[in-house]
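Structure first, commentary second.
Both counts, for ligands and for their atoms, begin at 1 and track the order of listing.
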Amino acid sequence: MKRCLVALLLLVPLLIPVDAVAHGIWGHVHVTGWAIENLPEGELQEFFSEPEVMHAALFGAAFTDSGYWPQGGELAQRSRAYSEHTHWEPFIQDFVAWIVQNDPPPWDSLASRQRVAFLMGVASHGLQDEIFDSLFLYQIQHHDGAGQEEADPGTDGFLALDGHIRFQPTSAFLPYETLLELYEGLGAGVDRDTIERSVRVMELVYLDHANGLGVARTLGEQYKDVIPWARAHYLDPDVPGSLVAEVEPTGRYMEAIWGRLHGRTAGADPVVFAYPATPRRLRSHDASLPDSWVTFIFAAGVRYDAAVPTWVDREDEPVMFAPRNTRWGGTWPRLIRLLPEANLEPGGWYTAGLGEGVELIDGSEAVAFSHEFQVACEEGDPDDCEDLGELYVPDIGEPNPPDAGLDAAPDTDTDPDSGPDNDMGRDARDPPLDGADDVSSPDTPDPAPPTASSVKGGSCEVAADGVNWSLRRR
Ligand SMILES: [Zn+2]
């Protein structure tokens, strides 16, 4: 077993650079943890004050990618099927509907609270991928001439080099019964063994307090000179899609899910966050740069085809722009980008918005939304751009000394099968759960077909039939 572990760890630097993990898993865990720590006072902040509940969310933030880790043969297909589906809002809406129907608030048992937190973590991961891939990857492409294969492992590595890896999620809680019920509609044959084996590989190879930190540091060293702009800006709060810039939208999205779980419709407050975030300015008037994009983050998946965003200047004259889905498309994305088609006015003021009536995945219709912002002035012409003073930046904590370990996870004896999953009163005769009408993976084109190479696994427990490195751009 130990030999297997060593062999796997030696392979990790070769494995991670492929697009198997996307927006590195340490990044997901920490952006989610930071978002929870930066929640405003209130019900949701109180909910996460229980360590076991917090850790269920942190593990949920990692779980979403668990099926992309190396597996062999049919297991790889099943694992990939559940991971892909778990990324998107149709799954999140199904999960919300399941809880509302089977275990509505106030969630008196710890297992119930952990399941809700796990949902929050899973959902946060999917949103973060949409943001990072649709915004920050274009910045890296522009500045570093690189892409996801460098950005995903690189940013995880930079977190380690900079001493920001401090959460240590464990799979002590996994709501198997709920997940398996939700995955039934995939028709992919996902069973408990599929999930257990996938999670085990992820924990063994990477999400492990003894080894994962070292692996991440290695990745940081490997990529720091490959993507130097990303190295300098991956925590820049002013760059949309950086890890720190994801913290606020992740928190607002968690609050929206909390509302959905409590019967509040997403349409009543459809856009939970927008870049540029007031009072920050749009970073550039230059329409050729991703710095000129406006982005809305939604409280729930929005029917992209029906959304008609608007953009006008201060004289109410329309701005020519192209709406864009996530980088990967999707019927129910959580964001919409607005790309100007001509240069904007430096220092100019604009209003972008969305008309009322756009459908959200929870069945509600969005009320009208608008967002006023200013474009950055050109250098040397600051007359129209007053000093914004000190801007809000989420607190991500002080970095650890380079050789520090990780915070210990709470010692929990929670048996995933002892919770209300098995004591829910849910009857086999119950009708199928209502959910989104898109239970399959969203109709997104796969930008690159998976490629695979195999490595002889020998007696390796986690992949006795050899290791297939299944790649995925998420
Ligand atoms: Zn992902």
Side-chain angles (χ1 to χ4, degrees), residues 15-33 35 57-71 76 78-92 95 118-137 140 147-157 159 167 169 171 174 179 183 186 190 195 198-199 201-203 205-207 212 216 219 234 241-243 246-247 249-250 253-254 297 301 325-330 332-335 441-442 444 446-448 450 469-474:
L15 167 66
I16 298 295
V18 303
D19 41 14
V21 292
H23 179 320
I25 289 177
W26 284 123
H28 284 298
V29 168
H30 284 75
V31 172
T32 300
L58 296 178
F59 188 76
F63 172 80
T64 309
D65 273 349
S66 58
Y68 295 150
W69 285 86
Q71 303 287 356
R78 296 197 299 272
S79 298
R80 178 179 163 144
Y82 87 70
S83 251
E84 179 63 22
H85 184 56
T86 304
H87 274 81
W88 297 93
E89 260 278 339
F91 173 78
I92 301 304
F95 206 153
F118 180 86
L119 159 64
M120 297 268 187
V122 165
S124 295
H125 178 128
L127 173 70
Q128 290 155 16
D129 271 343
E130 290 189 27
I131 294 174
F132 187 84
D133 293 2
S134 304
L135 299 179
F136 203 67
L137 280 188
I140 294 177
Q148 188 149 41
E149 292 185 6
E150 296 83 10
D152 293 345
T155 50
D156 252 22
L159 283 174
F167 298 121
S171 59
L174 258 172
L179 290 172
Y183 292 146
L186 288 175
V190 177
I195 298 174
S198 302
V199 166
V201 177
M202 178 176 71
E203 290 193 298
V205 175
Y206 198 58
L207 203 64
L219 295 172
Y234 81 109
S242 79
L243 299 192
E246 288 180 351
V247 172
T250 297
Y253 178 53
M254 282 188 189
I297 310 293
N325 203 327
T326 73
R327 186 186 190 92
W328 310 114
W332 298 101
R334 281 162 282 208
L335 65 79
S441 294
T444 56
D446 202 339
W469 307 118
S470 179
L471 313 184
R472 178 70 186 105
R473 290 186 182 277
R474 281 286 297 169

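Computed with the Zn ion (ligand 1) at the centre, the His87 NE2 to Asp65 OD1 angle is 80°, stated to 10 degrees.
Under the 30°/60° scheme for interplanar angles, the aromatic rings of Trp26 and Tyr206 are found to be tilted. The aromatic rings of Tyr183 and Phe91 sit parallel, their planes meeting at an angle under 30°, below the 60° perpendicular limit. Ring geometry for His87 against Tyr68 counts as parallel: the plane angle stays under 30°, on a 0 to 90° scale with 60° as the upper cut.
By the 4.5 Å heavy-atom criterion applied to side chains, Pro90 and Trp332 are counted as neighbours.
For Asp129, the N, O or S atom closest to the Zn ion (ligand 1) goes by the atom name OD2. Sorting the N, O or S atoms of His125 by how far they are from the Zn ion (ligand 1) puts NE2 first.
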